[in-house]
Amino acid sequence: MSETASERISTEAVIKAARLSRLDLTPAEVARMTSQLAGMLEHFADIDALDLSAVEPMTRPYPLSNVFREDVVVQGLDRDEVLANAPAAEEGRFRVPPIVGLDG
Amino acid sequence: MFHQSLDWTVEMTTIPSTAAAIADAVRSGVLKATDVLEAHLARIAEREGEIHAFNLVTTDEARAAAARIDADVAAGRDPGVLAGVPIAIKDNMCTRGIATTCSSKILEGWRPPYDATVVQRLAAAGAVTIGKTNLDEFAMGSSTENSAFGVTYNPRDITRVSGGSSGGSAAAVAAGFSPISIGSDTGGSIRQPAALCGVVGVKPTYGTVSRYGLVAFASSLDQVGPFSTDVRDSALVLEAISGHDPMDSTSIPQGPLSLQGVLSQGVEGLRVGRITDMPGGADPDVTERLEAAFDALQAAGAIMVDVQMPSMKYGLTAYYLIAPAEASSNLARYDGVRYGMRVNAPDTNAMYSATRSAGFGDEVKRRIMLGTYALSAGYYDAYYGKALKVRRLISEDFDRAYTKADVLLTPTSPIVAFPVGAKSDDPLAMYLCDVYTIPTNLAGHPAMSVPFGTGAFGLPVGVQIMAPTLGEQTMFRVAASLERSMIASGGGR
Amino acid sequence: MTQFDMSKNEIKVAPNDGSYLLDGYELVCGLEVHVELATATKLFSASANRFGDEPNTHIDPVTLGLPGALPVLNRQAVELAMRIGLALNCTVQSSTFHRKNYFYPDMPKAYQISQYDQPINVNGWLELPSGKSIGIERAHLEEDTGKSTHVGGAGGRIHGSAHSLIDFNRAGVPLVEIVGRPDIATPDEARQYVTELRQILVAIGASDAKMEEGSMRCDANVSVRKPGAPLGIRCEIKNVNSVRSLGRAIEYEARRQIVLLEAGEKIRQETRHWDETDGRTHTLRSKEDADDYRYFLEPDLVPLDPDAAWIEAVRAALPMLPRERRNRLAQATGVASDAESIMVIVERGQDDYVLAVGLAGGDVGRALVHVKEAFAEQGSNPAVPAGDLAGMIILETGGKLTSTQAKTVLGELVAHGGGDATAIAAAKGFEALDNSALEAIVDQVIAAQSESWAKYCGGEEKAMGALVGAIMKASQGKADGKAVTALLQAKRS
Ligand SMILES: [Mg+2]
Ligand SMILES: [Zn+2]
């Protein structure tokens, strides 16, 4: 391939992926991640040589369709047991820090 | 067997080494489940310190369960086909009220409020869960070195890895901690550690064993399956855990597999395929054992055929784009809101990042990043979209191959167990361990690894038997035949 | 008519004078309506779909996005979605589910399962009472989020809150998102569209569609342009909680955009929030920093492919829709199909009742008027038997009851859940006053008040008042005012 590894993924793309993934990466981690991902993508460039224009994507291994459950209520989980497993809870609900920096 | 006999004696009673024999003895009242359990707990006390197969040994719960089995037998109730058999469960399967960590700090201390379907079915069959086994964090790895709770060492050589990601489950069986165990296999995570530890490991057809309660890594690839010391035990466990589960939409609507009955059928006339354009890279000691396996099957009456799998070499790429993409989404739920760890921060968004950055290890972060990138706007078509098409090509290769062959044989792993730390700094080198196991996950087919002698340093080598969708019976016939030839050649019992 | 303060990015607008074009611009508006389906359970799990209960009492592994949980599709939700599609003249097609990945604390898995490029319903339309058609692009299935409560901030706002509390009862409730085409040209059409849609949803039993409870939620995409010009940049308005607010919000937003354009500014594509208290829209987020949702096919679900027989069975079971019912009632009564009385009766679901009164011999037009006025508190099944109301109407139209008396009798019927109108009239002393009796009284009064009669005959209309008053008095209130007037006019000519 003519592209070099570093062209396969930019620092900006790594930073964006980290933001989308909610991972804090230090500048050193960004640099390391960029080079590791670039190395992998370089390796994965083997499929670029394939002509895939007529190939249907395959998303699942076994062909099933129309799998349903009936609309019948089943007793769910105990709230106290679930909230006991939560990092923070209050008034029967899960507590989180103020929701800023998020949409909505 | 390649390791020393695991039969041992408790108060004048011999504890058999296989699940089938233990269950027979417990059901008929010859052995007590509690005695079986204590013998295995003693084994764990002896060697777990140097192997670290378990994240948690559930001694109390196991003693209570074994006592119930004994009470059932005493009362004339049949506890089931796995009566009193100790079983180790990979720590990415939900066990009600018992910590389930996926070997990740992010889930440390979490106690699921429900049991995985597999766990339910095993308990219903009378099996006694003895503990939760170590794995590469969220099943991402091929050596069980990527665990937040430490490495699982190979019982055959404790300077070496046990393979992964189900290294703990493989090691537990290889060390005699339990005759059988359960793992999950997304790209080889049952078969490769089985090969490296010298035990049998099976990945059934996608949809055969319920994924409900298996903590997802890559949903379209994950399958649950057994480890055992011999082929029959794996057949026994699969019969107990397979069959339709309405809680899993991808579960195939059919009854449990029926396997034990076919084990004695032999392989006469079966067509065993050799992939002539298989990706290279296997060590000579490994390929030598593969050749020996072909010879053994031919001697048993099977017919050798050549097949081509021109797209097989692209499997690694397809897999390492598809699996991380699905994983990036599956692992987004670990956000510090509802369960698991939280690192406090002034606002929710900062809390997410702080929690996830502290809670996930390097390999998990790498795959989340890779998967996020492969799915993100502008890159989807070039990476994820293309990988799905390659997945189709590989599946079609298999379809063609299976018109000529009933099963295909490959090495399970290109190499024997490697020293701890040997590949830790090179993610790609680690990924190459899965080159022979990945294609069946992409196609959704069954495959299993059977121990077939030893290679370099006297370490076990596994041979992989692959079969088409729902071809488990044929696959198990071949596995049983290979096992018989090993015993006949003096390589096993 | 408009002041604009650029610094605050807000405008005050004069009230709607009902005329569109707005300042020479035309409005282009499309609505996205989310409706919660009236199922017993959630879209992908068996917890109850119920509004208003104690927080986190309808939760299960799927709802909470617990590790290992898997979604299984609710058949009834699919059926209700199909009903919606068919009622909106859509094509029902085979469909798939995708994951829409984004982090928010009320989104348990950090992805929403939603239909993306293959929705279940496409290409329909909704006809407004006026006869205008609004296109429906798609109506797809997806899951609802949980609910966040912001604690410590002023007025429960996000900004300034100390923390937020999350209730997952609503998480996973089935939604259908109905995406309308931008065919709406006035705020009033938007109101009509939502009102009509709501009636359809209630009529087919798909949703209770209560905007105030959030079971029906409406987002408006608003842009403006000069007639013939290409489409303008649109803004999406969220948080509109009533039909009335919808009109106001669209009105405000259109004018805001016009003011900007007139000032030579560009419209920024963004999501804006309707604030009920100040009657304005505010920037929520701009599209530039919109999330990259990384949609991909949900691997835990399988395609949804309803066969023709199922679709036809759902279609056949659809009740008559509001539009058809209005036409039917209009035809029976001779009133225009978009007349207020017709709209109201069909909205209350009392049209069958009105027609039943007609079948029982009562005049349908009178029935329409009486039911509209007196049955507002009754549901679609009024307590008064249709025959009883018909009996009263027969007396009224036969001149046996004055309109005042008719109202009194109707009041008795409503108060007692029915009764014999003739008996009630008799008990009230409303004895029959037939036409000959009335004429006799009229002649009597004309003779007694010859002066007034002469004036009236001379064209002095005011003189009629005195005559009518005298006639009413002479008849002890039993004469019908209209009949008296008609008689006087007839005698004059
Ligand atoms: Mg939308
Ligand atoms: Zn939506």
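Computed over heavy atoms, backbone and side chain alike; hydrogens, waters and symmetry mates excluded. Within every chain, numbering begins at 1; the chains are lettered A, B, ... in the order of the sequence lines, protein sequences first and strands thereafter.
Taking chain A as the reference chain and counting heavy-atom pairs below 4.5 Å, the highest number among G378(B), S353(B), S357(B) is found for S353(B). The candidate from R111(B), E326(B), K313(B) with the greatest count of non-hydrogen atom pairs under 4.5 Å with chain A is R111(B). For the options Y314(B), Y206(B), Y114(B), heavy-atom pairs under 4.5 Å to chain A are most numerous at Y314(B). Among the candidates L20(A), V96(A), V82(A), the residue making the largest number of heavy-atom pairs closer than 4.5 Å to chain B is V96(A). Contact count against chain B (heavy-atom pairs under 4.5 Å) is highest for L50(A) among V67(A), L50(A), L25(A), L77(A). Looking only at heavy-atom pairs under 4.5 Å with chain A, the residue among E396(B), R356(B), M247(B) that has the most is R356(B). Of the listed residues (A374(B), S249(B), G109(B), A332(B)), the one with the most heavy-atom contacts under 4.5 Å to chain A is S249(B). Among the candidates P87(A), A17(A), A13(A), the residue making the largest number of heavy-atom pairs closer than 4.5 Å to chain B is P87(A).
The two atoms that bring M369(B) and M33(A) nearest to each other are CG-CE, 3.8 Å, heavy atoms only. Of all heavy-atom pairs between P97(A) and P346(B), the closest is CB-O, 3.9 Å. For the residue pair A443(B) and P61(A), the shortest heavy atom distance occurs at O-CB, 3.7 Å. The shortest non-hydrogen separation linking S220(B) to T59(A) is CB-O, 3.7 Å. Shown here for K386(B) and D48(A), the closest heavy-atom pair between the two residues is NZ-OD1, 2.9 Å.
The pair R96(B)-E81(A) counts as a salt bridge, with a side-chain nitrogen and a carboxylate oxygen less than 4.0 angstrom apart. Taking 4.0 Å as the cut-off between side-chain N and carboxylate O, D24(A) and K365(B) do not count as a salt-bridged pair.
Within the 4.5 angstrom heavy-atom criterion, only side-chain atoms of R32(A), from C-beta onward, approach chain B. With a 4.5 angstrom heavy-atom cutoff, L41(A) touches chain B only via side-chain atoms. For L23(A), the parts sitting under 4.5 Å from any heavy atom of chain B are the backbone and the side chain alike. Contact of S65(A) with chain B is not made at all, since no heavy-atom distance falls under 4.5 Å. Only the side chain of L64(A) comes within contact range of chain B, judged by heavy atoms closer than 4.5 Å. The contact between L428(B) and chain A is made entirely by side chain atoms (from C-beta outward), counting heavy-atom distances below 4.5 Å. Proximity to chain A is limited to the backbone of L442(B), based on heavy atoms less than 4.5 angstrom apart. D335(B) does not touch chain A: none of its heavy atoms, backbone or side chain, sits under 4.5 Å away. Proximity to chain A involves both the backbone and the side chain of P113(B), based on heavy atoms less than 4.5 angstrom apart. Of the atoms belonging to T250(B), it is backbone heavy atoms, and not side-chain ones, that fall under 4.5 Å from chain A. In this structure, chain B has heavy atoms under 4.5 Å from both the backbone and the side chain of V55(A).
Side-chain contact between Y431(B) and M40(A) is present, with heavy atoms from C-beta onward closer than 4.5 Å. No side-chain heavy atom of S219(B) sits under 4.5 Å from any side-chain heavy atom of R60(A). At least one side-chain heavy atom of Y320(B) sits under 4.5 Å from a side-chain heavy atom of F44(A).
A distance-only check finds no donor-acceptor pair linking the side chain of K389(B) to the backbone of P57(A) [under 3.5 Å].
Of the N and O atoms on the side chains of R338(B) and N85(A), not one donor lies less than 3.5 Å from an acceptor on the other residue.
Under the side chain to side chain contact (heavy atoms under 4.5 Å, CB included) test applied with I47(A), the options V390(B), L316(B), L393(B) reduce to a single match, V390(B).
Taking CZ of R392(B) as the reference point, atom CE of M58(A) lies at 6.0 Å (rounded to 0.5 Å). Here the CZ-CD1 distance, from R22(A) to I368(B), works out to 12.5 Å after rounding to the nearest 0.5 Å. Residue L370(B) holds its CG atom at 6.0 Å from CG of L37(A), rounded to the nearest 0.5 Å. Residue Y373(B) holds its OH atom at 6.5 Å from OG of S10(A), rounded to the nearest 0.5 Å.
Screening residues 56-77 of chain A for ring-ring contact (aromatic ring centres under 6.0 Å, His included) gives F68(A)-W310(C) as the qualifying pairs, with residues at least two apart or on separate chains. Screening residues 64-76 of chain A for salt bridge (charged side-chain N to carboxylate O under 4.0 Å, His left out), with sequence neighbours left out, gives E70(A)-R75(C).
Within 6.0 Å of atom NZ in K105(B), 12 or fewer heavy atoms from other residues, nucleotides or ligands are found, so the atom counts as exposed in its surroundings. Heavy atoms from other residues, nucleotides or ligands lying under 6.0 Å from NE2 of H43(A) number 12 at most.
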